[in-house]
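A short worksheet on the structure shown next.
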Amino acid sequence: MTPADLSRTVLHAVRRAVDEDALRAPVPARVRVERTRPGGSGDYACAVALQLAGPAALPALEVARILRERVAAEPGVGRVEITGPGFLSFTLDAPAESDRAVLAAVREQGLAYGHGYALRDEIHQFHHAREVRAAVTAQAVFRLLVAQGARGRITCEQAPDPDWVRLGVTVNAYGTPPTPLTEIRPVPAGATAGELLERLGPDAARWGLLRAAGHDRAALGPELLVQGEANPLFRVRYAHARARALTRGATALGFTAEAAPYGESPAPYDRAARPLLDLIADHPGVLLAGARHRAPDRVARQLEAVAHAFFDFHDSCPPLPAGDEKPSAAHRARLAIAEAAGTVLAGGLSLLGIRAPEHL
């Protein structure tokens with residue numbers, strides 16, 4: 001069960017409780033589940049009972065009890081606990097099967113893994129100054145929102161800079177809007193698009209403009225071009241290229257990726273695989289949070305974390321056999337994890353408007 005599956009399961013439980021007249025409250029459009037924080041209980045937690053307590057005119061603990069008995073009966077949910085003032089904490093059944101579901105979703109959805117329709121009823125209009133960081137940020141936010149089903153348009157205070165096109169920026173209209181729009185105003189870059197393109201090129205320029213939170217100054221120095229692990233952009237793109245190289249190497253050796261059988265660990269070294277699998281599973285939630293909070297920097301940091309975990313996993317659990325070693329089920333399972341990581345990295349970079357080369 002993926003986090004998105006669990007969110008739908010909880011929402012279904014709310015609907016059932018309302019239909020059965022156990023709860024008298026409006027059914028929310030969506031239910032948010034999060035990874036349990038350090039010191040918490042279970043794999044995921046949800047505050048929906050606290051959200052519904054007021055409309056239902058019931059204590060949050062009572063709402064939580066009503067929902068717990070309905071969620072606990074669902075396949076894939078091992079245990080549901082009530083913690084604190086009314087949080088629901090979920091322990092998923094058979095973690096290996098949950099991992100299989102995540103890997104299958106990545107394989108099936110490809111670069112669209114993590115996209116969805118959570119914001120399908122929203123329409124946004126963004127307005128920004130004639131400044132390169134504002135323009136690139138607005139475009140990235142727009143991409144994230146569209147990936148979650150939203151619609152919208154972008155306007156600029158003045159005629160766009162022609163160099164913006166090379167940074168993947170489009171503007172629907174310019175001039176003073178007739179009605180107030182949502183403004184995108186990060187700390188200015190202090191350089192024009194042409195200057196950044198000349199010094200850094202489009203990919204490094206976009207990464208530098210988007211990596212920092214909007215209220216922080218963007219780092220746009222020559223370190224963005226360093227071909228080494230000290231440069232986060234290089235590390236992310238190299239992890240993607242390495243994942244693709246593993247697939248080519250496996251093909252040359254005559255085997256392909258295959259998730260571990262049901263009930264078995266996805267790799268013999270589950271401790272090394274766990275951080276990477278968790279980050280892959282969390283990716284849809286990060287994309288949704290980046291869209292809701294107008295924060296493409298969250299996506300950039302997620303990609304950095306995935307790349308770091310990928311190299312740790314790769315070094316501990318080599319997906320390709322060495323020397324006279326024959327390809328085994330363990331190699332096929334490790335390759336499935338590595339390929340999923342590569343797909344997540346390519347999809348995230350695409351949403352930021354950055355290329356993910358197959359060779360680096």
Side-chain angles (χ1 to χ4, degrees), residues 2-5 7 99-120 136-137 139-152 167-170 202-204 206-207 210-211 232-248 250-251 256-259 276-292 295-311 313-314 319 335-360:
T2 67
D5 292 333
S7 176
D99 293 335
R100 281 181 58 93
V102 169
L103 296 176
V106 178
R107 179 177 287 273
E108 178 183 349
Q109 298 167 28
L111 299 184
Y113 172 65
H115 296 203
Y117 299 96
L119 307 182
R120 62 183 175 275
V136 169
T137 302
Q139 193 72 49
V141 170
F142 182 75
R143 287 171 182 253
L144 289 170
L145 286 164
V146 169
Q148 300 302 323
R151 294 172 292 156
L167 285 170
V169 172
T170 58
D203 290 331
R206 285 189 67 92
W207 179 271
L210 296 172
R211 170 58 182 82
L233 174 59
F234 173 82
R235 192 171 177 84
V236 168
R237 302 212 308 176
Y238 182 60
H240 167 263
R242 182 59 188 152
R244 295 297 178 249
L246 291 172
T247 299
R248 294 192 296 270
T251 300
T256 58
E258 181 181 340
L276 180 55
L277 285 164
D278 287 346
L279 285 165
I280 293 171
D282 288 344
H283 186 65
V286 172
L287 296 186
L288 180 56
R292 282 179 173 159
D297 57 288
R298 295 191 180 199
V299 179
R301 288 194 295 274
Q302 160 80 354
L303 298 182
E304 291 178 32
V306 170
H308 181 80
F310 168 81
F311 286 117
F313 168 69
H314 177 279
L335 182 61
I337 298 170
E339 288 185 345
T343 299
V344 165
L345 292 169
L349 286 172
S350 176
L351 285 173
L352 298 179
I354 298 170
R355 293 177 300 114
E358 296 282 323
H359 304 269
L360 198 62

Specify the closest pair of heavy atoms between [X] and [Y], including all atoms of both residues, with the distance to one decimal.
| X | Y | value |
| --- | --- | --- |
| Leu277 | Asp99 | CD1-OD2, 3.8 Å |
| Leu360 | Ala241 | CB-CB, 3.9 Å |
| Ala338 | Leu246 | CB-CD1, 3.8 Å |
| Phe310 | Ala341 | CD1-CB, 4.0 Å |
| Gln148 | Ala291 | CG-CB, 4.1 Å |
| Leu345 | Ala239 | CD1-CB, 3.6 Å |

From CD (Gln139) to CG (Leu210), nearest 0.5 Å |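 The CD atom of Gln139 sits 10.5 Å away from the CG atom of Leu210.
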Taking the side chain as every heavy atom from C-beta outward, state whether Val306 and Leu276 have any atom pair closer than 4.5 Å.
->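 They are in contact (side-chain heavy atoms under 4.5 Å apart), so the answer is yes.
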Does a side-chain heavy-atom distance below 4.5 Å link Arg248 with His359?
-> yes
Does NE2 belonging to His115 count more than 12 external heavy atoms closer than 6.0 Å?
->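 Yes, the 6.0 Å shell around NE2 holds more than 12 heavy atoms from other groups.
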Would you find more than 12 non-hydrogen atoms of other residues, nucleotides or ligands less than 6.0 Å from Phe234 atom CZ?
->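 More than 12 heavy atoms, drawn from other residues, nucleotides or ligands, come within 6.0 Å of this atom.
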With under 30° as parallel and over 60° as perpendicular, where do the rings of Phe311 and His314 fit, or are they tilted in between?
-> perpendicular
Contact list for residues 105-117, test salt bridge (Lys or Arg N to Asp or Glu O under 4.0 Å), sequence neighbours left out = Arg107-Glu339
So, does Tyr117 use its side chain to make a donor-acceptor pair with the main chain of Ala147 at under 3.5 Å?
-> no
